[in-house]
Amino acid sequence: MSATDKVFAGSVPKLYDEYLVPLIFSVYADDMARRVAALSPSTLLEIAAGTGAVTRAVAAALPADVRYVATDLNEPMLAVAMQRQSKDPRMSWRQADALALPFDDASFDLVCCQFGAMFFPDRTKGFAEAKRVLKPDGTFLFSVWDRIEDNVFADDATIALGKVFPEDPPRFMARTPHGYHDKAVIRTDLERAGFADISIETLSATSRAPTAEDVAIAYCQGTPLRGEIEARDASRLQAATEAVAEAIRKRHGAGPVEARIQALVITARR
Ligand SMILES: C[S@@+](CC[C@H](N)C(=O)[O-])C[C@H]1O[C@@H](n2cnc3c(N)ncnc32)[C@H](O)[C@@H]1O
């Protein structure tokens, strides 16, 4: 993982929330909210909450007496999340690195994290932190993206950008969001962190957008891929976005577009 892969700042958080969340995150956020609600936690920690896709879904699904702490490494992401969430006495927000959580041991019934673990520079350390802050019978619930070939728009964008920058293709999507999907590796990392009871489920869904252009903006401008493109040639961000839109239009049509996405949902108990 490159150092800039975890930087969600500048204009990324707003575009992430506007374009990428409805495209690929909302559907899994609703699923995670159902799983969280089924476990009836009294105290809940969310790691890598981003702009709050899961936070909003979970807050709507939980009763009044819950204590819910939402955290993320990047304050600009949390700022969007806080702005979008109406005032809620159950909730608090805190900047936090998953690898050094600022909470006491055994503080939470449940720790959840949607599509954040791929960004941890040391997954075992991040998982050990989740375990440390969990109560003895607590649950760690998290998701990661499956391989890029099973996530069609991300793959289309990566291939199209490879043609725009053939000498140095921007590989952020393949390297990081879609770079941690080997079930055996995930299981081993969790076991090394001290988790024993682990289940991993593959969950497919459909991503939809009004146009190919929306998909291209989502990936090229609403993720750290933007920084990778700008590092090659900042003046070509718009042209690179248009090249991705054109590739998606060619393959999926000029009107509303849809394609397969696939994730792994992992439940681990202390
Ligand atoms: C793909 S986004 C997912 C956000 C949100 N969970 C969602 O479903 O929309 C990944 C998030 O991980 C956060 N992140 C990256 N490294 C992190 C770390 N070490 N600790 C906590 N959060 C981290 C980023 O700031 C970003 O908000």
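Values reported hereafter were calculated over all heavy atoms of this structure, with side chains retained and with hydrogens, waters and symmetry mates removed. Indexing begins at 1, ligand by ligand and atom by atom, following the structure's order.
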Point to revise | V185 backbone acceptor or donor facing D182 side chain under 3.5 Å | key: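 Flag set: sc D182 to bb V185 pair under 3.5 Å.
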Practice item. Following the transitive rule for hydrophobic clusters with a side-chain heavy-atom cut-off under 4.5 Å over Ile, Leu, Val, Met, Phe, Trp and Tyr, establish whether I24 and Y19 coincide in one cluster. Key: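 They do not share one cluster, since no chain of ILVMFWY contacts under 4.5 Å joins I24 to Y19.
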Under 3.5 Å, N/O to N/O: give me all the pairs between ligand 1 and the protein, one per line with atom names and distance.
{"unit_1": "ligand 1", "atom_1": "6 (N)", "unit_2": "A48", "atom_2": "O", "d": "2.7"}
{"unit_1": "ligand 1", "atom_1": "6 (N)", "unit_2": "Q114", "atom_2": "O", "d": "2.8"}
{"unit_1": "ligand 1", "atom_1": "8 (O)", "unit_2": "Q114", "atom_2": "NE2", "d": "2.8"}
{"unit_1": "ligand 1", "atom_1": "9 (O)", "unit_2": "Y16", "atom_2": "OH", "d": "2.5"}
{"unit_1": "ligand 1", "atom_1": "19 (N)", "unit_2": "D97", "atom_2": "OD1", "d": "3.0"}
{"unit_1": "ligand 1", "atom_1": "20 (N)", "unit_2": "A98", "atom_2": "N", "d": "2.9"}
{"unit_1": "ligand 1", "atom_1": "22 (N)", "unit_2": "L73", "atom_2": "N", "d": "3.3"}
{"unit_1": "ligand 1", "atom_1": "25 (O)", "unit_2": "D72", "atom_2": "OD1", "d": "2.6"}
{"unit_1": "ligand 1", "atom_1": "25 (O)", "unit_2": "N74", "atom_2": "ND2", "d": "2.7"}
{"unit_1": "ligand 1", "atom_1": "27 (O)", "unit_2": "D72", "atom_2": "OD1", "d": "3.4"}
{"unit_1": "ligand 1", "atom_1": "27 (O)", "unit_2": "D72", "atom_2": "OD2", "d": "2.7"}

Practice item. Check salt bridge (Lys or Arg N to Asp or Glu O under 4.0 Å) between E213 and all other residues, then give those that pass, not counting sequence neighbours. Key: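 E213 satisfies salt bridge (Lys or Arg N to Asp or Glu O under 4.0 Å) with no residue once adjacent residues are dropped.
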Review point. Between the side chains of T158 and D155, is a donor N or O closer than 3.5 angstrom to an acceptor N or O?
Key: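 No donor-acceptor contact under 3.5 Å links the two side chains.
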Check your understanding: Judged by modelled atom types alone, do D88 and Y68 share a side-chain donor-acceptor pair under 3.5 Å?
Key ->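 No - no donor-acceptor pair under 3.5 Å links their side chains.
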Review point. Does a salt bridge link E228 with R175, judged by any charged N lying under 4.0 Å from a carboxylate O?
Key: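 Salt bridge flag = yes for R175 with E228.
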